[in-house]
Enquirer: 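After the structure tokens below, expect a handful of questions from me.
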Protein chains: 2
Amino acid sequence: MSGSRVERPLARGRGIPEATVARLPLYHRSLVALRERGVTTVSSEELAAAAGVNSAKLRKDLSHLGSYGTRGVGYDVDYLVYQVARELGLTQDWPVVIVGVGNLGHALANYGGFTSRGFRVAALVDNDEALAGELVNGLPVYPLAKLEQIIAEHHVSIAVVATPGPVAQDVCDRLVAAGVTSVLNFAPVPLQVPEGVDVRKVDLASELQILAFHEQRKQMSLLTPLTALAPLPPRTEAAG
Amino acid sequence: MSGSRVERPLARGRGIPEATVARLPLYHRSLVALRERGVTTVSSEELAAAAGVNSAKLRKDLSHLGSYGTRGVGYDVDYLVYQVARELGLTQDWPVVIVGVGNLGHALANYGGFTSRGFRVAALVDNDEALAGELVNGLPVYPLAKLEQIIAEHHVSIAVVATPGPVAQDVCDRLVAAGVTSVLNFAPVPLQVPEGVDVRKVDLASELQILAFHEQRKQMSLLTPLTALAPLPPRTEAAG
DNA sequence: AAGCCCTTGTGAACGAACGCACAAAGTCGT
DNA sequence: ACGACTTTGTGCGTTCGTTCACAAGGGCTT
């Protein structure tokens with residue numbers, strides 16, 4: 001077995017659990033909403049309610065960023081907004097390239113939440129010649145041939161793949177070769193990327209199917225009594 | 001109150017882990033792709049590679065559905081496609097209502113992956129009077145006032161919320177009151193729903209922010225050696 | 001200043017998910 | 001028919017994530 005050397009699991013600025021990172025945007029948004037309502041101080045209980053999470057989880061999440069609260073009082077909204085934003089990298093400018101200007105790419109280019117908060121659509125790219133030069137949300141569409149040039153000139157490190165599935169991997173390969181190290185993938189295929197490149201998948205069809213799974217279960221449990229579903233359900237106390 | 005009752009960690013009915021359910025759509029899609037290429041038998045190793053997951057994880061996932069493989073051979077593609085589809089509820093028809101026909105709702109209405117595989121857009125609904133009656137992807141847009149009627153007549157149990165954030169909760173409440181028990185939420189707010197209603201969130205801005213977080217860390221680790229990261233970050237609260 | 005009250009931050013228990021490694025169980029060659 | 005080979009299905013240890021419960025620590029009142 002390996003040595004018993006205790007390695008510090010959570011350094012101050014690093015080692016933030018992935019589950020926590022995934023919730024930081026949620027907290028950030030809730031905090032901004034509170035700030036816009038004029039709230040200056042918020043307790044973990046209130047913020048947790050606004051974000052729809054458990055308050056203990058919220059406190060532990062925030063504790064990974066540092067001790068930004070005041071015991072007996074709560075968190076200063078302004079200060080916490082800034083800290084979360086800084087941790088998420090929202091205090092810097094992120095030029096983003098969107099590849100694929102179909103229905104989805106169109107919507108993304110127009111989507112307000114995409115362009116705000118540090119992100120800026122550097123360019124729209126599509127391989128359809130007919131689209132080249134057209135304006136979408138005030139942004140011109142460039143041909144796919146210019147992809148590498150755009151990435152280099154704008155120092156793009158984050159790309160959005162909104163192409164049809166069959167070409168997504170090719171596009172992704174070109175993106176990575178050109179220097180992109182983070183990809184948000186809307187295409188219904190699992191993208192293969194080398195070490196060091198992050199891919200996050202947004203799969204609309206999958207989400208619906210997951211809902212359908214649970215929906216089917218609900219319908220089944222309505223039609224048949226519980227005893228018919230499980231072989232021998234112990235007659236424990238009924239909840240509620 | 002956000003302190004919700006302890007919901008069963010495993011999926012309702014038979015105990016299929018939630019993490020497994022979330023991957024079933026992925027397997028289903030990979031299997032369909034294999035079938036279309038004429039593949040009739042697939043090993044866990046091959047299917048796992050196609051889906052981009054660990055093969056042991058794939059086998060354990062599939063084992064929750066039943067013993068559908070043949071040792072020494074693999075899985076029959078046709079058979080497995082059917083079993084996964086049945087488990088996901090894709091063998092039945094799911095009428096879906098999309099509320100909010102903005103950029104995103106427009107894209108969703110046109111999105112092929114949404115309408116295929118058991119799902120069917122029963123109606124598009126928007127509160128913008130100007131849109132009423134317009135055709136999107138061959139489907140008419142109905143006014144919000146008809147929401148309850150549509151849900152009842154089409155027996156809709158799954159709804160997509162693609163409205164602006166501020167009205168999402170109101171729309172959701174009406175959906176639930178009208179009988180919807182599964183909601184796919186694209187609005188950037190956490191929806192509150194009663195027990196028994198499922199909500200899945202697709203948050204485009206959050207996904208980008210999560211990528212930005214990791215991207216920032218990559219850049220930091222390139223610029224500074226690891227030893228420079230360990231000390232406490234200066235608490236510069238005078239910023240701004 | 002001291003004590004009370006409030007909320008944060010966290011140790012610890014619990015539970016879920018992952019992945020290794022292997023036994024079980026089938027096929028195929030001889 | 002039998003043994004070698006292949007691949008599934010799964011027991012088990014490890015890691016990751018969630019939640020409880022409470023001590024630590026700050027503010028407020030007296």
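Quick caveat: nothing in here was measured; it's all calculated off a predicted structure. Labels below follow one simple rule: chain letters A, B, ... track the order of the sequence lines, proteins then strands, and each chain is numbered from 1.
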Enquirer: For D:dG9, does OP1 or OP2 lie under 4.0 Å from any side-chain N or O of B:Y75?
Expert: yes

Enquirer: Do A:R71 and C:dT7 share a donor-acceptor pair, side chain to base, under 3.5 Å?
Expert: no

Enquirer: Where the side chain of B:T70 meets the backbone of B:V73, is there a donor-acceptor pair that is under 3.5 Å apart?
Expert: no

Enquirer: Ring centres under 6.0 Å, that's the criterion: do A:Y68 and A:Y79 meet it?
Expert: yes

Enquirer: Could you tell me how far apart B:R59 (CZ) and C:dA17 (P) are, to the nearest whole angstrom?
Expert: 19 Å

Enquirer: Can you tell me if A:N54 touches the phosphate of D:dC20, counting only side-chain N or O atoms and a distance under 4.0 Å to OP1 or OP2?
Expert: yes

Enquirer: Among the nucleotides C:dG26, D:dA21, C:dC18, which one has an atom lying closest to any side-chain atom of B:T70?
Expert: C:dG26

Enquirer: CD1 of B:I16 versus C1' of D:dG9: gap in Å, rounded?
Expert: 16 Å

Enquirer: Is B:R217 paired with A:E87 through a side-chain N to carboxylate O contact shorter than 4.0 Å?
Expert: no

Enquirer: Verify the contact: side-chain N or O of B:S43 to OP1 or OP2 of D:dT7, cut-off strictly under 4.0 Å; return yes or no.
Expert: no

Enquirer: Check the distance between C:dT8's C1' and A:K57's NZ and give it to me in whole angstrom.
Expert: 18 Å

Enquirer: Is the backbone N or O of A:V189 less than 3.5 Å from a side-chain atom of A:N185, with the two atoms forming a donor-acceptor pair by type?
Expert: yes

Enquirer: Under 4.0 angstrom, heavy atoms only, what part of the nucleic acid is A:T20 near: base, sugar-phosphate, or nothing?
Expert: nothing

Enquirer: In whole angstroms, how far is the C1' atom of C:dG9 from the CG atom of A:L80?
Expert: 14 Å

Enquirer: Once you round it to whole Å, what is the distance between P of D:dC20 and CG of A:L58?
Expert: 14 Å

Enquirer: Tell me which nucleotide among C:dA17, C:dA21, C:dG9 gets nearest to the side chain of B:E18.
Expert: C:dA17

Enquirer: Suppose we call a contact any N or O donor and acceptor under 3.5 Å apart; does that hold for the side chain of A:K60 and the base of D:dT19?
Expert: yes

Enquirer: Rounded to whole Å, please give me the gap between NE2 in A:H64 and P in D:dT18.
Expert: 10 Å

Enquirer: Expressed in angstrom and rounded to an integer, what is the separation of A:Y79 atom OH from C:dT8 atom P?
Expert: 16 Å

Enquirer: Should B:R86 and B:T91 be marked as a side chain to side chain donor-acceptor pair (under 3.5 Å) after you check the CA-CA gap, both sets of side-chain angles, and the distance that decides it?
Expert: CA-CA 5 Å; B:R86 191 175 55 83; B:T91 52; over 6 Å; no

Enquirer: Among the nucleotides C:dA17, D:dG17, D:dT18, which one has an atom lying closest to any side-chain atom of A:R23?
Expert: D:dT18

Enquirer: Taking CG from A:L47 and C1' from C:dT7, how many angstroms apart are they, rounded to a whole number?
Expert: 14 Å

Enquirer: With nearest nucleotide decided by heavy atoms, which residue, B:G72 or A:G72, maps closer to the 5′ end of DNA chain D?
Expert: B:G72

